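Quick notes on the structure that follows.
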Amino acid sequence: MVKAQLPDFNARIRQHIVEVHIKKAIKRAQDAGDLPKFEIPDIPMIQPRLKIHGDLSFPAMRLAKFAKQNPLDIARVVEKMLPETPLIKKTETVPPGFTNFFLDTSHFKSVFDRNRERRIHEIISDDFSVLKLDIGAYKKAQVEFVSANPSGPITIGHTRGAVVGDAMARLLEAAGYQVQREYYYNNAGNQMVVLGKSLRLRYLQQLGEDLDFPADYYQGEYLVDAAAQLAAEHGASLRTRDWGYFKDAAEERMFEWINRSLASIDIKHDEFFNETSLFESGRIWRTLAAMRDNGHIYESAHWEGAEADEVADVAAKRYEPATWFRSSAFGDEKDRVMVKSDGAPTYTLPDIAYHSDKLERGFDIAVNVLGTDHFTQAQVVKYGLQALGMDPAPIHVIFVQMVRAVRWNEARGEYEAVKQSKRAGDFDTLDHLVEMTSADAVRYHMLARSPNSQLDFDVDQVVKQSNENPVYYIQNAYVRCASILRHAEARGLDDSNANLSLLGDDERFFIDKALYEIYDAIRESVATFEPHHIAFCADELAEIFHPIYERVRVLHSDVPEDLAKARLRFYRASKAIFRYVLQLMGMSAPERM
RNA sequence: GCUCCAGUAGCUCAGGGGAUAGAGCAUUGGUUUCCUAAACCAAGUGCCGCAGGUUCGAAUCCUGCCUGGAGCGCCA
């Protein structure tokens, strides 16, 4: 992986200077014979949690292996050999081997100030190209997410994938990638047949026919609603239509519904890839043929490595031979059926065909957000791509763990899952969730945890917390800035020529910190495919911001005009910073709350 | 049985070799002449699931175990 060029943010510069000095000190100590010769490794500085440990800290313990010496002694030697620099005010070496650096930035003040002023100006005027990373420059990325079957509404489970995927897409864009958002639309296969038949039955019920509704049909109340609508619009005229008609009608409704739901949390896809197109173009069969040409396909009633009892079991079912993919040759625990004995492909074959198409489209990164229940499926698809002679390396799957909507049951003293309710008032769908909380709350809470930890979405708590939670904590930082700017404008205070050298340590710290942290959160999120880092970054910045807001007044009577202008400029930049962070999370930035 | 994920404060979760383990919610007390108190200041809260191991150092890495979840279909 190419290491990105680090931006010259002040916090980064400070850290870099100290690191360079430490390396020099080690080198000198080696030359003087105080340390043995060894290749000097990169030793990242630690940011101490406690102020008494200074601004930066060097853990000499990391060198103990190389130097084969007591870490404390190493640290003392390094400290002694440090080159003189006005940046370092004081150092101290403490057990078990930390050298703590207390920095004096006054000597570099003009450099840092100039740098910061430029950043502030860019942030305000240039819409954050400052924070655009270059790791994705000239590269194409794709994020495939949601991809829910068009057989029902977007559920809470889908919502998590939707939020994670969209945030990932936004972060990739922030990292410089050109990003395409894609929805793989599963509109082929048996499920759609069942959907059509389900709607048809519901429709006939609407016409007063007394019919059993099979348990393996779609039970959702929404199909009853759709049927009622059809009955209202068409009367009994559809009575003789077959399931195909109803399938199309249902699909159209579902498609529209899904998109409306996603739009309500500001999610839009660029591309809907229809599974049916793989059949129409014949790509499925070409894919199978290519796998066969490569020697990975065979016909059999059971897979080649089946145990005796498995064979007997299959024999009892009297299957005709099916078409198997020898995925075990690629490390799978068993082979997989590609075409069933009835001639219909399994879900897996179109999936392989789809992903081969995806790879041919030439993305440098193709992220795929899936529930963990697709773990095995995703593996098989990768084996399939290998069987086609393709390199699946661009594909990165983010597995999001299950999410349950839960609420506290006072009587039983435990959480219980919210029932799959059929009517409004519960939280099993995205629509209900948004209705009861807010789009911003949904986005924040779904994003603000690691994808691979299970999530119990406590609906009551999120509703209750709507007035006092990180969502509003972060947004309020933006609102406070916006408010100051409104008042300043009313008073005619103009900060365009502000003298930013009047800013205090708080404001300087915030700007430096924000640039560093946001950049780092984007880099980390993209590198690990874990977009939740940006949510914690946003929260941390708000936590730093609010106390500053309390202390650093702009329009109060005791603030001289020059100072007020400088501070106004600071808040103008802060406002832009929070807007950017909120935008990365897909949250709104309200001017008032 | 096998594979993957998780177990951290009363609750929901961050942290994922470094010093005294964090945040929000909940609990307790305080703060407002002037830019929104959805805020700020202060206080308490932990066998980091258990047991071994590696290491100068383990919540973090390794092994085993326990608990919860997901997967292991000629389902999608």
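Bear in mind the structure is a predicted one, so any value in this text is a computation, not a measurement. Residue numbering restarts at 1 for every chain, and letters A, B, ... go by the order of the sequence lines.
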Roughly how far apart, to the nearest Å, are [N] and [M] at atom [atom1]?
{"N": "U55(B)", "M": "C62(B)", "atom1": "C1'", "answer": "12 Å"}
{"N": "U8(B)", "M": "U3(B)", "atom1": "P", "answer": "24 Å"}
{"N": "C11(B)", "M": "U45(B)", "atom1": "C1'", "answer": "13 Å"}
{"N": "A19(B)", "M": "U31(B)", "atom1": "P", "answer": "37 Å"}
{"N": "G64(B)", "M": "U54(B)", "atom1": "C1'", "answer": "15 Å"}
{"N": "A9(B)", "M": "A21(B)", "atom1": "P", "answer": "14 Å"}
{"N": "G46(B)", "M": "A39(B)", "atom1": "P", "answer": "26 Å"}
{"N": "U27(B)", "M": "C4(B)", "atom1": "C1'", "answer": "39 Å"}

Practice item. Output, in order, the C-alpha distance, side-chain angles, deciding distance and verdict of ring pair (Phe, Tyr, Trp, His ring centres under 6.0 Å) for Phe330(A) and His296(A). Key: CA-CA 10 Å; Phe330(A) 296 92; His296(A) 303 296; 4.9 Å; yes
Exercise for review: Determine the sole option in Tyr184(A), Tyr185(A), Tyr183(A) for which the ring-ring contact (aromatic ring centres under 6.0 Å, His included) test with Tyr354(A) is passed.
Suggested key: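 Exactly one pass, corresponding to Tyr184(A).
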Strictly under 3.5 Å: I want the nitrogen or oxygen pairs between protein and nucleotides 5-8 of chain B, one per line.
{"unit_1": "C5(B)", "atom_1": "O2'", "unit_2": "Gln401(A)", "atom_2": "NE2", "d": "3.4"}
{"unit_1": "C5(B)", "atom_1": "O2'", "unit_2": "Asn452(A)", "atom_2": "O", "d": "2.4"}

At 4.0 Å (heavy atoms only), tell me whether [X] reaches a base, stays on the sugar-phosphate, or touches nothing.
{"X": "Phe536(A)", "result": "sugar-phosphate"}
{"X": "Gln377(A)", "result": "base"}
{"X": "Arg551(A)", "result": "nothing"}
{"X": "Arg449(A)", "result": "sugar-phosphate"}
{"X": "Asn476(A)", "result": "sugar-phosphate"}
{"X": "Ala488(A)", "result": "nothing"}
{"X": "Tyr549(A)", "result": "base"}
{"X": "Leu485(A)", "result": "nothing"}
{"X": "Val552(A)", "result": "base"}
{"X": "Glu320(A)", "result": "base"}
{"X": "His487(A)", "result": "sugar-phosphate"}
{"X": "Val314(A)", "result": "nothing"}
{"X": "Asn100(A)", "result": "base"}

How long is the line joining [atom1] of [X] and [atom2] of [N], in whole Å?
{"X": "Ile74(A)", "N": "G18(B)", "atom1": "CD1", "atom2": "C1'", "answer": "15 Å"}
{"X": "Glu561(A)", "N": "C34(B)", "atom1": "CD", "atom2": "P", "answer": "22 Å"}
{"X": "Asp456(A)", "N": "C11(B)", "atom1": "CG", "atom2": "C1'", "answer": "11 Å"}
{"X": "Glu550(A)", "N": "G30(B)", "atom1": "CD", "atom2": "C1'", "answer": "14 Å"}
{"X": "Leu447(A)", "N": "A14(B)", "atom1": "CG", "atom2": "P", "answer": "11 Å"}
{"X": "Glu540(A)", "N": "G15(B)", "atom1": "CD", "atom2": "C1'", "answer": "12 Å"}
{"X": "Tyr185(A)", "N": "A76(B)", "atom1": "OH", "atom2": "C1'", "answer": "15 Å"}

[Y] side chain reached by [X] side chain, heavy atoms, under 4.5 Å:
{"X": "Ser198(A)", "Y": "Trp243(A)", "value": "no"}
{"X": "Arg572(A)", "Y": "Ile577(A)", "value": "no"}
{"X": "Asn187(A)", "Y": "Lys247(A)", "value": "no"}

Take a 6.0 Å sphere around [atom1] of [X] and say whether it holds more than 12 heavy atoms from other residues, nucleotides or ligands.
{"X": "Asp216(A)", "atom1": "CG", "value": "yes"}
{"X": "Glu310(A)", "atom1": "CD", "value": "yes"}
{"X": "Glu489(A)", "atom1": "CD", "value": "no"}

Show the atom names and distances, to 0.1 Å, of all donor-acceptor pairs under 3.5 Å that link a side chain in residues 542-554 of chain A to residues at least two apart or in another chain.
{"unit_1": "His546(A)", "atom_1": "ND1", "unit_2": "Arg480(A)", "atom_2": "NH1", "d": "2.9"}
{"unit_1": "His546(A)", "atom_1": "NE2", "unit_2": "Tyr473(A)", "atom_2": "O", "d": "2.9"}
{"unit_1": "Glu550(A)", "atom_1": "OE2", "unit_2": "Arg480(A)", "atom_2": "NH2", "d": "3.2"}
{"unit_1": "Arg551(A)", "atom_1": "NE", "unit_2": "Asp506(A)", "atom_2": "OD2", "d": "2.8"}
{"unit_1": "Arg551(A)", "atom_1": "NH2", "unit_2": "Asp506(A)", "atom_2": "OD1", "d": "3.3"}
{"unit_1": "Arg551(A)", "atom_1": "NH2", "unit_2": "Asp506(A)", "atom_2": "OD2", "d": "3.1"}
{"unit_1": "Arg553(A)", "atom_1": "NE", "unit_2": "Glu550(A)", "atom_2": "O", "d": "3.3"}
{"unit_1": "Arg553(A)", "atom_1": "NH2", "unit_2": "Glu550(A)", "atom_2": "O", "d": "3.3"}

Study note, to complete from the structure: Output row for RNA chain B, stems defined as at least 3 consecutive Watson-Crick or G-U pairs under 3.5 Å, is B:1-7 with B:66-72, B:10-13 with B:22-25, B:27-31 with B:39-43, B:49-53 with B:61-65
Do the side chains of [X] and [Y] get close enough for a salt bridge, i.e. N-O under 4.0 angstrom?
{"X": "Lys358(A)", "Y": "Glu182(A)", "result": "no"}
{"X": "Arg523(A)", "Y": "Asp520(A)", "result": "yes"}
{"X": "Glu299(A)", "Y": "Arg292(A)", "result": "yes"}

What's the closest nucleotide to the side chain of [X] if the choices are [options]?
{"X": "His53(A)", "options": "A19(B), A38(B), C40(B)", "answer": "A19(B)"}
{"X": "Asn149(A)", "options": "A19(B), A76(B), G71(B)", "answer": "A76(B)"}
{"X": "Phe98(A)", "options": "G15(B), C40(B), G18(B)", "answer": "G18(B)"}

Under 3.5 Å, which N/O atoms of the protein pair with N/O atoms of nucleotides 43-46 of chain B?
none

Is the phosphate of [N], meaning OP1 or OP2, less than 4.0 Å from a side-chain N or O of [X]?
{"X": "His533(A)", "N": "G15(B)", "value": "yes"}
{"X": "Tyr354(A)", "N": "A76(B)", "value": "no"}
{"X": "His532(A)", "N": "G15(B)", "value": "yes"}

Is [X] stacked on the base of [N], meaning ring centres closer than 5.5 Å and planes within 30 degrees of each other?
{"X": "Tyr319(A)", "N": "C74(B)", "result": "yes"}
{"X": "Tyr472(A)", "N": "A38(B)", "result": "yes"}
{"X": "His556(A)", "N": "C34(B)", "result": "yes"}

Check your understanding: Residues from residues 332-347 of chain A sitting under 4.0 Å of RNA chain B, heavy atoms only?
Key ->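 When residues 332-347 of chain A is checked for heavy atoms under 4.0 Å from RNA chain B, the hits, listed by number, are Glu333(A), Lys334(A), Arg336(A), Val337(A), Lys340(A), Ser341(A), Thr346(A), Tyr347(A).
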Exercise for review: Let me have a per-nucleotide readout for nucleotides 55-60 of chain B, 5' to 3', with B, S or -, counting only protein heavy atoms under 4.0 Å.
Suggested key: -B----
